[in-house]
Amino acid sequence: GIAFAVRAFTEAESTDDYKIYFSTKGKCLTDNLPKMLDILQAIALESKMDDLERFRELVSELKTDWDDNFFNRGQTVAITRLFSYCSAGARVNEQDEFSYYQFLKHLVENFDAQAPQLLQKLQAMLQRFYQKSAFVLSYSCDRDDREYVKTQCLDFIAKLPEADTKGEPEVLPVCITNEAITTAGKVQYVAAGGNYAKFGHKYVGAMAVLETILRYEYLWTKIRIQGGAYGATARFELNGLGVFASYRDPQLEKSLQAYKELAAWLKNVEFPERELNKYVIGTISGMDTPLTNTMRIDKASTQYLKQVSDELRQRIRNEVINVTNEDLQKLGKVVEDMLSDGLICVVGGKQPIEANKELFTEIINA
């Protein structure tokens, strides 16, 4: 298993302070580590970006995969697009979603004119991705193999070139807008949210409990049972972003209204102790899910790159365990502020979107 990614990691409680990392992940039996590193060395130092026809095949495969699965990715597309309206870090990560699909379509349509220059760019990017002067090494193995694995990885890194790291990455503009992305499907993915941190709110453990409550109580009732959607979700990010989103939803307008009415519902919420404890247990069970080694190292690396301290994690955990109805009621104001900019993004059928076109600043055909 070898995988690659480019991602912006925002600092723990910031939407706009971020660093962009290129990551290479691999897993193998310990005895095969030298062979895996040989493969990575060949990729890093010997890759040749000069076969236009092979590149054409790869680009075509990537676009076909997006064509075939775009609707299934609808909720992720809607949420990442929404977050990009209000966070510089999220704006970078959105480049891997709908913006990437738009890029692929444009490249396929203009392949002969653009491909040669793009291959030159990709060749140059390899030297920026693989450099021995700036790296974070994370590894998971048996305790007895630690020194061996570390030595092998550092030997690989020592063979990488010194890279020119002058200059800063271009900061992509954050554009507050409301978009609809039309597809051939008849139902929608409806997302609404915003940046609650800009109103002075900080992430608290009650938000994690509220996510559980909304999935099984308010959003379940309003959007799944009454609205006929397949499901709905709520997310409050540590850095200050929040979103409510429905899944395969036939009721675009009613779902947006349900999100708007949530703040008022929250301000008067009062759960019996037994029911509140049930939601706390459900939240903690999600936080304490057993992890494989792969999941554990991913989690640890992300927390390190985002500068999430153990003290912060413990504070949130304590707040989850000790949550009260009053804590949940206070979140009514957070939700109210978070939605006050009116930010929405909808992915789905053209007819319902056109029927509500006054809600959007732009309608885009997928």
Side-chain angles (χ1 to χ4, degrees), residues 10-17 78-79 82-90 174 176-178 190-223 226 232-246 253-273 275-280 282-284 286-287 308 312-313 315-345 359:
T10 55
E11 292 182 12
E13 295 181 277
S14 171
T15 56
D16 296 326
D17 296 318
I79 291 174
L82 176 76
F83 281 168
S84 75
Y85 303 158
C86 50
S87 163
V174 173
I176 293 181
T177 184
N178 287 343
V190 183
N195 181 351
Y196 63 80
K198 79 173 188 176
F199 296 96
H201 304 296
K202 284 189 173 291
Y203 185 91
V204 291
M207 291 177 177
V209 180
L210 179 58
E211 289 178 5
T212 305
I213 291 170
L214 294 179
R215 282 195 292 267
Y216 295 104
E217 176 76 30
Y218 181 88
L219 293 180
W220 175 263
T221 302
K222 291 278 189 179
I223 292 176
Q226 296 176 5
T233 190
R235 271 172 53 188
F236 293 91
E237 301 283 338
L238 184 60
N239 65 2
L241 298 179
V243 66
F244 308 116
S246 62
E253 202 170 4
K254 288 183 179 179
S255 293
L256 291 175
Q257 187 61 33
Y259 302 151
K260 290 178 183 177
E261 294 171 354
L262 171 58
W265 179 83
L266 258 179
K267 291 176 181 178
N268 297 295
V269 77
E270 193 73 40
F271 292 105
E273 183 179 358
E275 190 171 357
L276 187 57
N277 286 341
K278 179 183 68 175
Y279 289 129
V280 170
T283 304
I284 286 291
M287 297 169 70
V308 179
L312 177 58
R313 293 169 59 208
R315 189 261 288 173
I316 293 170
R317 187 181 183 86
N318 291 342
E319 290 171 348
V320 168
I321 292 171
N322 298 307
V323 74
T324 65
N325 280 304
E326 185 180 358
D327 294 330
L328 295 171
Q329 290 163 6
K330 289 178 181 177
L331 295 181
K333 176 61 175 170
V334 176
V335 170
E336 187 175 67
D337 289 342
M338 185 179 88
L339 297 178
S340 63
D341 286 329
L343 299 180
I344 63 172
C345 183
L359 297 173

Measure the shortest side-chain to side-chain distance between M338 and N195 over non-hydrogen atoms and say whether it is less than 4.5 angstrom.
-> no

Side chain to side chain contact (heavy atoms under 4.5 Å, CB included) partners of E237, counting only residues at least two apart = F83, R235, N239, L241

List for me each residue that meets side chain to side chain contact (heavy atoms under 4.5 Å, CB included) alongside A192, sequence neighbours excluded, and say none if there are none.
-> L256, Y259, L339, I344

Please walk me through it: do L331 and M207 pass side-chain contact (heavy atoms from CB on, under 4.5 Å)?
-> CA-CA 8 Å; L331 295 181; M207 291 177 177; 4.0 Å; yes

Nearest 0.5 Å please: distance from the CG atom of L219 over to the CG atom of L262.
-> 6.5 Å

At their closest point, which heavy atom of K222 faces which heavy atom of A258, and how far apart are they?
-> CB-CB, 4.1 Å

Look up atom CD in E211 and atom CZ in F236, then write down how far apart they are to the nearest 0.5 Å.
-> 6.5 Å

For T177, side chain to side chain donor-acceptor pair (under 3.5 Å) partners two or more places apart | T361

Pair C86-L343, side-chain contact (heavy atoms from CB on, under 4.5 Å): steps then yes or no | CA-CA 9 Å; C86 50; L343 299 180; 4.1 Å; yes

Counting distance only, does the side-chain N/O of N322 pair as donor-acceptor with the main-chain N or O of N318 below 3.5 Å?
-> yes

Go through the structure and list residues passing salt bridge (charged side-chain N to carboxylate O under 4.0 Å, His left out) with K198, not counting sequence neighbours.
-> D341

Which distance, rounded to the nearest 0.5 Å, do you find between the OG1 of T324 and the CD of E273?
-> 11.5 Å

Residue pair L276 / N325: nearest heavy atoms and the distance that separates them | CD2-N, 4.0 Å

Side chain to side chain contact (heavy atoms under 4.5 Å, CB included) with T283: which residues, sequence neighbours excluded?
-> A208, V209, T212, M287, V320

Kindly write out the residues that satisfy side chain to side chain donor-acceptor pair (under 3.5 Å) with D337, not counting sequence neighbours, or none if the list is empty.
-> H201, K333

Which atom pair, heavy atoms only, marks the closest approach of N178 to G342?
-> ND2-O, 2.9 Å

Interatomic spacing from CG in D16 to CD in E11 - rounded to 0.5 Å | 10.5 Å

Going by heavy atoms in the side chains, are V323 and L210 under 4.5 Å from each other?
-> no

For E253, enumerate each residue passing the side chain to side chain donor-acceptor pair (under 3.5 Å) test, keeping only those at least two apart in sequence or located in another chain.
-> none

Mind checking what makes side chain to side chain donor-acceptor pair (under 3.5 Å) contact with S340, not counting sequence neighbours?
-> none

Residues two or more places apart in sequence or in another chain: which of them pass salt bridge (charged side-chain N to carboxylate O under 4.0 Å, His left out) with E275?
-> none

Say you draw a straight line from CD of Q329 to CG of L266; how long is it, rounded to the nearest 0.5 Å?
-> 9.0 Å

Residues passing the side chain to side chain contact (heavy atoms under 4.5 Å, CB included) test with K267, sequence neighbours excluded, are E336

F271: ring pair (Phe, Tyr, Trp, His ring centres under 6.0 Å) partners, not counting sequence neighbours = Y279

Test side-chain contact (heavy atoms from CB on, under 4.5 Å) on S255 and F244 and set out the steps.
-> CA-CA 10 Å; S255 293; F244 308 116; over 6 Å; no

Can you name the ring pair (Phe, Tyr, Trp, His ring centres under 6.0 Å) partners of Y218, sequence neighbours left out?
-> W265

How many angstroms lie between atom OG of S87 and atom CG of L82, to the nearest 0.5 angstrom?
-> 11.0 Å

Between D17 and T10, does a side-chain contact (heavy atoms from CB on, under 4.5 Å) hold up when you go through it step by step?
-> CA-CA 5 Å; D17 296 318; T10 55; over 6 Å; no

Say whether, by atom type as modelled, one donor and one acceptor occur between the side chain of S246 and the main chain of V190 under 3.5 angstrom.
-> yes

